[in-house]
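Down below is the structure, laid out as structure tokens.
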Amino acid sequence: MAERPPCRCLLKEANPDLGTIVADYVSSLPEDAKAPDDLYRRRLDACQICDRLADGMCLDCGCYVEARAAKQKQRCPHVPPLWEG
């Protein structure tokens, strides 16, 4: 049986168990460190159209995009960045 190619999806879709762990991590971030919900959603939307996303992971830096995008002062590692902090 052939392996499936990586999907350009978020972790919660690619690996629900790990997605839950990352979602719990995001929920545990201090409010002053979190990106506002609308900014978080825009960042994830940008990640989902990026060809460097595979199964919820950024192929440029190895992060889980749902964790990186949740932090106010992070930026996209893509060159040029798809979103800034």
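Along the sequence shown, residues are numbered consecutively beginning with 1.
Atom NZ of K12 has 12 or fewer heavy atoms from other residues, nucleotides or ligands within 6.0 Å.
What you find for P36 and Q72 is that their closest heavy atoms are CD-OE1, 3.1 Å. Residue A14 comes nearest to G56 through the heavy atom pair CB-N, 4.5 Å, listed as atom of the first residue, atom of the second, then distance. Between A35 and R43 the shortest heavy-atom distance is CB-NH1, 3.8 Å.
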Would you check, one step at a time, whether the test salt bridge (Lys or Arg N to Asp or Glu O under 4.0 Å) holds for R41 with D37?
CA-CA 6 Å; R41 184 78 251 152; D37 288 341; over 6 Å; no
Before giving the answer on side chain to side chain contact (heavy atoms under 4.5 Å, CB included), spell out for W83 and H78 the whole-Å C-alpha distance, their side-chain angles and the decisive distance to 0.1 Å.
CA-CA 9 Å; W83 50 266; H78 193 277; over 6 Å; no
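Evaluation of the side-chain contact (heavy atoms from CB on, under 4.5 Å) rule for E84 yields R75, P81 as partners, not counting sequence neighbours. Residues passing the side-chain hydrogen bond (donor to acceptor under 3.5 Å, both in side chains) test with D38 are R42, sequence neighbours excluded.
Pairs of residues two or more places apart, or lying in two chains, that qualify as salt bridge (charged side-chain N to carboxylate O under 4.0 Å, His left out) and include a residue from residues 57-71 are R52-D60. Within the structure, no pair that satisfies the disulfide (SG to SG under 2.5 Å) test touches residues 39-85, not counting sequence neighbours.
Think of L59 as one node in a network of Ile, Leu, Val, Met, Phe, Trp and Tyr side chains linked at under 4.5 Å; it has no links at all. With side-chain heavy atoms closer than 4.5 Å counting as contact, directly or through intermediates, the hydrophobic cluster containing L10 also holds L11, L18, I21, V22, Y25, V26, L29, Y40, L44, L53, M57, Y64, V65.
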